[in-house]
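What follows is a single structure, written as structure tokens, with notes after it.
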Amino acid sequence: MIRTVESEQHVSAPVLAAYSYCEAVTGQQARNFAYGIRLLPSPKRRAMSALYAFSRRVDDIGDGALADDVKIARLEDTRGLLTRVREGAVDEDDIDPVAVALAHAAGTFPIPLGGLDELIDGVLMDVRGETYETWDDLKVYCRCVAGAIGRLSLGVFGTEPGARGAERAPEYADTLGLALQLTNILRDVREDAEGGRTYLPADDLAKFGCSAGFKGPKPPEGSDFAGLVHFEVRRARALFAEGYRLLPMLDRRSGACVAAMAGIYRRLLDRIERDPEAVLRGRVSLPGREKAYVAVRGLSGLDTRHVTRRTVRRRT
């Protein structure tokens with residue numbers, strides 16, 4: 001069982017200011033993520049915002065316009081900051097609000113900070129231009145940039161006392177991260193191609209005649225692009241089904257948060273499946289009202305009850 005701190009504790013003004021900065025970053029730059037974490041009680045919501053703000057900093061370095069050697073140096077500087085957080089060397093009056101907030105969150109919840117090292121490793125893979133021959137190769141990257149975030153988040157959420165199979169919760173959180181990342185990869189396939197990045201496994205691209213890449217609003221001539229997308233959608237759905245087994249292990253509000261975030265991406269996956277070429281014409285997204293519906297559904301516990309019933313049926 002993974003325990004977390006539920007009760008509101010006194011938080012100093014400098015730390016609250018640091019958390020406010022992180023929450024502003026989250027609200028401005030992570031609309032899907034923000035829909036989920038607003039369902040959490042304040043201590044957990046603040047901690048999740050601190051995790052997001054640090055992760056956003058790492059991602060922004062990797063996605064920026066700096067030379068690769070400068071990016072690598074800055075990523076290693078960020079790793080050094082993480083080391084300071086881990087060693088308890090960040091004071092409340094530090095000038096870096098993200099460091100202050102992350103240090104407080106790590107002192108409040110059992111967050112496995114090594115997951116942020118994995119995130120930095122994954123972004124370094126981007127900077128170095130790594131490509132992926134097989135799904136097993138791509139899984140290594142996805143575990144660094146998304147599975148690790150799932151495990152970090154679980155450190156904030158915790159599991160319910162007596163939750164059956166809770167020892168596998170980190171595995172399910174990791175798998176759910178993979179599902180979200182594969183959905184992201186499908187959604188951003190053209191944007192990534194224009195930036196010189198290819199994430200889908202080379203053997204999948206070859207199987208469906210798509211090795212030429214995606215730099216325009218139309219699939220490569222003679223390819224089975226729809227077949228490729230549907231193949232990857234099935235893979236993502238299997239990951240979601242496995243990762244959703246985490247939900248019954250969480251308290252109501254943490255489960256609602258996870259169900260909301262995952263539910264938004266599952267609906268994106270539905271849209272991509274219905275119109276595969278939409279990802280070549282522009283970014284596929286959900287309107288705000290649909291995201292709000294997913295959040296309400298998560299808070300109602302519908303997804304958790306569905307997973308619980310399915311698990312019981314399997315056992316019987």
Is it the case that atom NZ in K215 sees more than 12 heavy atoms from other parts of the structure closer than 6.0 Å? no
For F231, I'd like to know if atom CZ has over 12 heavy atoms of other residues, nucleotides or ligands within 6.0 Å. yes
Could you give me the CA-CA distance, side-chain angles and deciding distance for D60 and K71, then say whether salt bridge (charged side-chain N to carboxylate O under 4.0 Å, His left out) is met? CA-CA 10 Å; D60 284 347; K71 289 183 179 182; over 6 Å; no
Decide, yes or no, whether a salt bridge links R84 with D94 under the criterion of side-chain N to carboxylate O below 4.0 Å. yes
Salt bridge or not between R79 and D121? Use side-chain N to carboxylate O under 4.0 Å. yes
Decide yes or no for [X] and [Y]: does some side-chain heavy atom of the first lie under 4.5 Å from some side-chain heavy atom of the second?
{"X": "W135", "Y": "K139", "value": "yes"}
{"X": "R283", "Y": "E191", "value": "yes"}
{"X": "I149", "Y": "S55", "value": "yes"}
{"X": "R46", "Y": "C22", "value": "no"}
{"X": "L250", "Y": "L154", "value": "yes"}
{"X": "E194", "Y": "F214", "value": "no"}
{"X": "L280", "Y": "K218", "value": "no"}

Minimum heavy-atom distance A103-V85, with the two atoms named: CA-CG1, 3.8 Å
Minimum-distance pair of heavy atoms, taken over all atoms of Q181 and A146: CB-CB, 3.5 Å
Side-chain heavy atoms under 4.5 angstrom apart, residues restricted to Ile, Leu, Val, Met, Phe, Trp, Tyr: same cluster for V70 and I120? no
Kindly state each residue pair satisfying salt bridge (charged side-chain N to carboxylate O under 4.0 Å, His left out) with at least one member in residues 144-159, sequence neighbours excluded. E118-R151, R151-D174
By side chain to side chain donor-acceptor pair (under 3.5 Å) - contacts of D69 (at least two apart): none
What do you reckon, are the aromatic ring centroids of F225 and F208 less than 6.0 Å apart? no
Is there a donor-acceptor contact under 3.5 Å linking the side chains of D126 and Y199? yes
Anything under 30° is parallel, anything over 60° is perpendicular, the rest tilted; go ahead and classify Y141 against Y132. tilted
Partner of C142 under side chain to side chain contact (heavy atoms under 4.5 Å, CB included), chosen from I185, L182, L239, T175: I185
